[in-house]
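Just below is one structure, and these are the notes that go with it.
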Amino acid sequence: MGIASRFKEEKFLVAALVVAAIAYFFEHAVIEMGRGLALIAAAGLVGTIVLASIRVAHHAELLAVKVGDPYGTMILTLSAVAVEVIILAIMMSSESSPTLVRDTIYSALMLDINGILGLAALLGGLKHGEQPYNDNSGKTYGVMILTAMGISMIVPEFVPSDKWHYYSAFTIVAMIALYGLFLRMQVGQHSYFFSYSYPRSERKKESPHEHDHDEAAAISIATILVGVVIIGLLAEFMAAFMAEGLRDSGAPIAVTAVVVAAISAAPEILTALRAALRNRMQATVNIAMGASLSTVILTVPVMEAIALYTGQPFLMAMTPVQTVMVAITLIAAAINLNDGETNAIEGMTHFILFATFIMLTALGL
């Protein structure tokens, strides 16, 4: 494929780079024109970041097709988490809220499990009825998420503020240890936990588009890296515009966290829905639950390390409302993902929980 064709195919990333250049030259002018224009600019940058993220996810999917599950969905979720970590790291330097990281991780969990998994299971169940998957994956993801959330976002409520850095260092080690073992399980002797052998007749129904990609793995990896860098540039300007636009507006600070979580989850939503509608629920479970686990277990140590380095502590302990919502979500997931099949009713329960999360956020809770 020639250079011109390559640029044409990656027009979203090229456009994102152009938008980043425009934002660089006109950042101060836009901010001086008032909060209204700053919010419009922030919304435009959010849309641009989503488009760039979709291209990053596309190349992650190409790699996923080449290597298969569970490696494929792992690549997709890791690329999304990388985007989220970069955006959070940039916004932490300009955002004064000490709860931004906590609220973003909480929002990501609600969006991944209740939003993505709920909507996918609902629509997939309405189309196909009961959809099979490997129940080992749901159980493993669930207990890992519960442990990671408990250690990093519930226990900190009881840690004195003058000792936060000791517990923060422990949290970093604990998350790395958990993810190291999980990674070994996912790609090693327990990799069958995260895969499902579909009947041959169902495999024939797969879209041939999945097997038509001939891009080299090196090109996909390079494009992912370039895309993540571009997204980081856009996020820096988005943070500045959003901070100015929401200043003294009375809007809940959690709105920013929801935006960050939605940006990183946008490509996963499309991929998970496509998988569910093709009756491949295993991929949906891996994406939704894997993204939730990766968000907690990878974002927390990176952000904690930044806080320790800069000496700027932030609040990780969830509010009572957040703790209750996480508890209900994980209990519902443990029950629904226990029998190896999803249906529309199970999807609806999670989607109602997602709607509840949106309502609570709008109320500032």
Side-chain angles (χ1 to χ4, degrees), residues 56-57 59-86 88-89 101 104-105 108-109 111-113 116-117 133-153 168-197 217-218 220-221 224-225 228 261 264-265 267-268 271-272 275 280-306 316 330 333-334 337:
V56 169
H59 284 278
E61 284 189 75
L62 294 186
L63 291 176
V65 170
K66 292 178 184 295
V67 300
D69 279 330
Y71 303 93
T73 48
M74 183 177 66
I75 292 172
L76 180 60
T77 55
L78 286 178
S79 65
V81 171
V83 170
E84 183 173 83
V85 168
I86 288 174
L88 275 177
V101 175
T104 299
I105 295 175
L109 187 75
L111 185 57
D112 291 331
I113 298 180
I116 296 178
L117 184 59
Y133 64 94
N134 188 338
D135 61 338
N136 285 317
S137 58
K139 296 173 183 176
T140 303
Y141 280 127
V143 71
M144 291 286 288
I145 294 171
L146 176 61
T147 302
M149 289 290 288
I151 291 173
S152 62
M153 300 182 68
S168 182
F170 164 77
T171 303
I172 294 174
V173 175
M175 295 297 104
I176 293 175
L178 275 174
Y179 191 68
L181 179 60
F182 174 76
L183 200 61
R184 181 175 179 180
M185 286 182 58
Q186 193 176 26
V187 302
Q189 59 185 6
H190 291 93
S191 61
Y192 65 92
F193 277 18
F194 308 95
S195 61
Y196 185 84
S197 180
S220 291
I221 293 173
I224 290 173
L225 294 176
V228 168
S264 63
E268 295 171 336
T271 305
R280 297 185 64 85
M281 185 52 65
Q282 183 62 54
T284 300
V285 171
N286 284 352
I287 290 171
M289 300 297 284
S292 298
L293 177 61
S294 297
T295 295
V296 181
I297 217 166
L298 294 179
T299 304
V300 167
V302 173
M303 295 298 107
E304 295 273 12
I306 292 175
M316 287 300 295
L330 293 180
L337 299 179

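Nothing fancy with the numbering, it's 1 onward along the sequence. All values below come from the heavy atoms of this structure, side chains included, with hydrogens, waters and symmetry mates left out.
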Any side-chain heavy-atom pair from [X] and [Y] closer than 4.5 angstrom?
X    : Y    : result
Y133 : T284 : no
I151 : M175 : yes
L293 : F182 : yes

With rounding to the nearest 0.5 Å, note down the distance linking [atom1] in [X] to [atom2] in [Y].
X    : Y    : atom1 : atom2 : result
T295 : I145 : OG1   : CD1   : 9.0 Å
S292 : L117 : OG    : CG    : 8.5 Å
M316 : M303 : CE    : CE    : 10.0 Å
M289 : I113 : CE    : CD1   : 4.5 Å
M153 : I105 : CE    : CD1   : 5.0 Å
R280 : N286 : CZ    : CG    : 10.5 Å

For [X] against [Y], the heavy-atom pair lying closest together:
X    : Y    : result
I116 : A272 : CG2-CB, 3.4 Å
N134 : Q282 : N-OE1, 2.6 Å
A108 : A261 : N-CB, 3.7 Å

| request: Identify, with sequence neighbours excluded, every residue that meets side-chain contact (heavy atoms from CB on, under 4.5 Å) alongside L298. | output: L78, V81, Y179, S294
